[in-house]
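So you know, we letter chains A, B, ... as the sequences are listed, proteins then strands, and number each from 1. Only heavy atoms go into these numbers, but all of them, side chains included; no hydrogens, no water, no symmetry mates.
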Amino acid sequence: PEAADLRVLAKHLYESYLKNFPLTKAKARAILSGKTSDNAPFVIHDMKSLAEGEQFINCRQLPRQEQRRTSMGLIQSELQSELELRFFRSCQSRSAEAVSEVTEFAKSIPGFVNLDLNDQVTLLKYGMIEVLIIMMSPLMNKDGTLISYGQIFMTREFIKSLRKPFGEIMEPKFEFSVKFNMLELDDSDMALFLAVIILSGDRPGLLNVKPIEVLQENVLHSMELHLKMNHPDSLQLFAKVLQKMTDLRQLVAHHVQVMQLMKETEIDMCLHPLLQEIMKDLY
Amino acid sequence: LKEKHKILHRLLQNSTSPVDL
């Protein structure tokens, strides 16, 4: 393909990314480094701050007067357990919302909606967790992660301290993200990488692989060119980005295992129907 | 496959519906 066409594709995917995803990497990094004019995020680092911040989880705008609320008293252990479950449910509803954002992004990839509808479902089902992990990375640093559109920062130690298996879900994602963030991709690079992941022709059960591979090949060319122009000093960046796809598959396998464990041990837990569809029979 | 993934299918066919979320 002509270089000009590949640049148009990169621009188109970047625009779609900006349109569909509410928190960009640029904004997340500004919040994490304190270089934003907005208020600093509310920090959740223990059960008390979780109880205080709980009602604002998944709010796009944190009410100003509520940010400095204090003294909720000690949380009893049974209440703690409920609090963990409620927090997990709100994570699920944000994840379901993110699934719909990713679906809209996928539909904007040129040629995607012309694929067999069953194959569109398969690509999204198998690519979704990988895409969500990549999208989570810019929100993370070694100490924690932004949630609720960047309104809240939750510490890694606190997440780790949640009762099993809740405490185990995020740790491998933190390990991956810290390494992935070292590649220093920006939002325009991320848009291309997400499209490459979605257009994986080796997902189980695909009916018509060839047109998917053709689409992916085109996005790969576009990403290779874009990375060279956007990061002229970063050697082998294209290859390094592609290598991350292997790590992603392992992360998904771990995620599925933990979710399975939850299903068995947490009788009170009810998985969001959209997430159930994605998780069911996944590997 | 479409039958087992009704919400995903619906999201693919229509624009985002808050009802599903």
Novice: Taking the side chain as C-beta and beyond, is there a heavy-atom pair between A:Val99 and B:Leu8 under 4.5 Å?
Specialist: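 Result yes, sub-4.5 Å side-chain heavy-atom pair found.
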Novice: Given the rule in the side-chain contact (heavy atoms from CB on, under 4.5 Å) test, do B:Leu11 and A:Leu274 qualify, once you have shown the distances and angles that lead to the verdict?
Specialist: CA-CA 10 Å; B:Leu11 289 175; A:Leu274 178 55; 3.9 Å; yes
Novice: Which residues, numbered in order, of residues 114-126 of chain A come under 4.5 angstrom of chain B by heavy-atom distance?
Specialist: A:Leu117, A:Asn118, A:Gln120, A:Val121, A:Thr122, A:Leu124, A:Lys125
Novice: Please identify each residue that fulfils side-chain hydrogen bond (donor to acceptor under 3.5 Å, both in side chains) with A:Arg86, with sequence neighbours left out.
Specialist: A:Glu54
Novice: So which pairs with a foot in residues 14-26 of chain A pass side chain to side chain donor-acceptor pair (under 3.5 Å), sequence neighbours left out?
Specialist: A:Lys11-A:Glu15, A:Ser16-A:Asn20, A:Ser16-A:Ser108, A:Tyr17-A:Asp187
Novice: Side-chain donor-acceptor contacts of residues 205-214 of chain A below 3.5 Å, not counting sequence neighbours, with atom names and distances?
Specialist:
none

Novice: What closest approach, in Å, do A:Glu277 and B:Ile7 show between heavy atoms, and which atom pair accounts for it?
Specialist: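 Distance-wise, the nearest heavy atoms are OE2-N, 2.7 Å.
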Novice: Does B:Gln13 offer a backbone N or O that forms a donor-acceptor pair with the side chain of A:Lys107 under 3.5 Å?
Specialist: no
